[in-house]
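Below: one structure, written as structure tokens.
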Amino acid sequence: MNFQGRDIASIEDFTREEINYLLNTAKAMEPLAAKGSDMLKGKILANIFFEPSTRTRLSFEAAMLKLGGSAIGFADAENTSVKKGENLADTVRTVENYADIITLRHPLEGAAKLAAEFSKIPIINAGSGAEEHPTQALVDLYTIKKERRTIDGLKVALVGDLRYGRTVHSLAYALSLYNIELTLVSPDALKMRREVLRAIQNRIQVSETQNLEKIIPQTDVLYVTRIQKERFPDQAEFAKVKGAYRVDLKTLANAKKDLKILHPLPRVDEIAPEVDSTPQACYFRQVWNGIVVRMALLALLLGQVK
Ligand code: NCD
């Protein structure tokens, strides 16, 4: 399969076969992540981030370094020419001269698609407003597969902010390519974006509820998300849903023994720290998986793995 030169704007750009190929490539990266490689020697990654990030930016950077390449970029556009009024298209047409591949995080929906139109080198969407976060969805799928050995046949629940959370949009699209049952758990004001719901309902069985306790006993994978405070147009609306869900040991009393709890992180208060030491908690292993998935993406898009 040839991924060389492709952009990743949306997870919807991929077929199930392509996603499986990516996940298998990520698995093959596990030993290289441990001992390093010079596969991408001489290649440069530019991380251009217009929004805060810890994991996405550092894991792309670490992935590039582990494969022998280098990374440049900025984590705060306040210190760049954007501050002087430069637009995204011009920034991209500048950065492409310095690098072989770009990751872009931006507050505007459609930013990655726009950047890809202007860029001669591959653009990876590292988060586009409340719209999508396709590489996180790949990390999530990889984690599910590694923890449960399969994706098909599982009952997956997405919990929290399904309206403003971008990771759940990409993940819902991706999961709908598998034979799963999906439950969407959120307050009424934070229900899954209708366009995403419409698209996935044609492919898999989906149900919506506000009641987390009720769905816990039959759930195989619980994907918990943070309520995206910064994306609410009105903070009074945020105040109404703040703390809507909190997964603690009491919540887990009725859960399956082999339930897997995922979270893209950062966590605020939606998973109690007491859950961290349970066998069900996968979210810190999920962070590690971010490295191998991103190593695979860089190697495939730069044509070093076919
Ligand atoms: C998420 C994001 O930026 O969308 N973080 C991540 O990349 N793992 C989730 C969030 O901010 O809640």
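Start at 1 and go down the list; that is how both ligands and their atoms are numbered. On a predicted model such as this, the values are computed, not experimentally measured, just so you know. Values below: every heavy atom of this structure, side chains too, minus hydrogens, waters and symmetry copies.
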- [ ] Supply the atom-to-atom distance M29 CE to Y142 OH, rounded to the nearest 0.5 angstrom.
- [x] 10.5 Å
Open item on the list: Ring-plane angle category for H263 and Y283, please: parallel below 30°, perpendicular beyond 60°, tilted otherwise.
Closed with: perpendicular
Open item on the list: Can you confirm if the NZ or CZ of R294 lies within 45° of the ring axis of F60 and under 6.0 Å from the centre of its six-membered ring?
Closed with: yes
- [ ] Give the residue, atom name and distance (to 0.1 Å) of the protein heavy atom nearest atom 11 (O) of ligand 1.
- [x] R226 NH2, 2.9 Å
- [ ] Distance to 0.1 Å, residue and atom name: give those for the protein heavy atom nearest to atom 6 (C) of ligand 1.
- [x] L265 O, 3.5 Å
Task: Region of E51 engaging ligand 1 - heavy atom pairs below 4.0 Å - done: neither
- [ ] May I ask you to check if ligand 1 and Q228 share an N or O to N or O distance below 3.5 Å?
- [x] yes
Task: Parallel, tilted or perpendicular: rings of Y164 and F232 (30°, 60°) - done: tilted
- [ ] Look at ligand 1 and say whether P266 reaches it with a heavy atom at a distance under 4.0 Å.
- [x] yes
Task: Among H263, H169, E270, H133, closest by any non-hydrogen atom to atom 7 (O) of ligand 1 - done: H133
- [ ] Measure T167 to ligand 1 on non-hydrogen atoms and call it side chain, backbone, both or neither using the 4.0 Å cut-off.
- [x] side chain
Task: atom 3 (O) of ligand 1 [closest protein heavy-atom partner, distance rounded to 0.1 Å] - done: R166 NH2, 2.9 Å
Open item on the list: Nearest 0.5 Å, please: how far is OG in S170 from CG in L175?
Closed with: 11.0 Å
- [ ] Look at the aromatic rings of F3 and Y21 and report parallel, tilted or perpendicular, splitting at 30° and 60°.
- [x] parallel
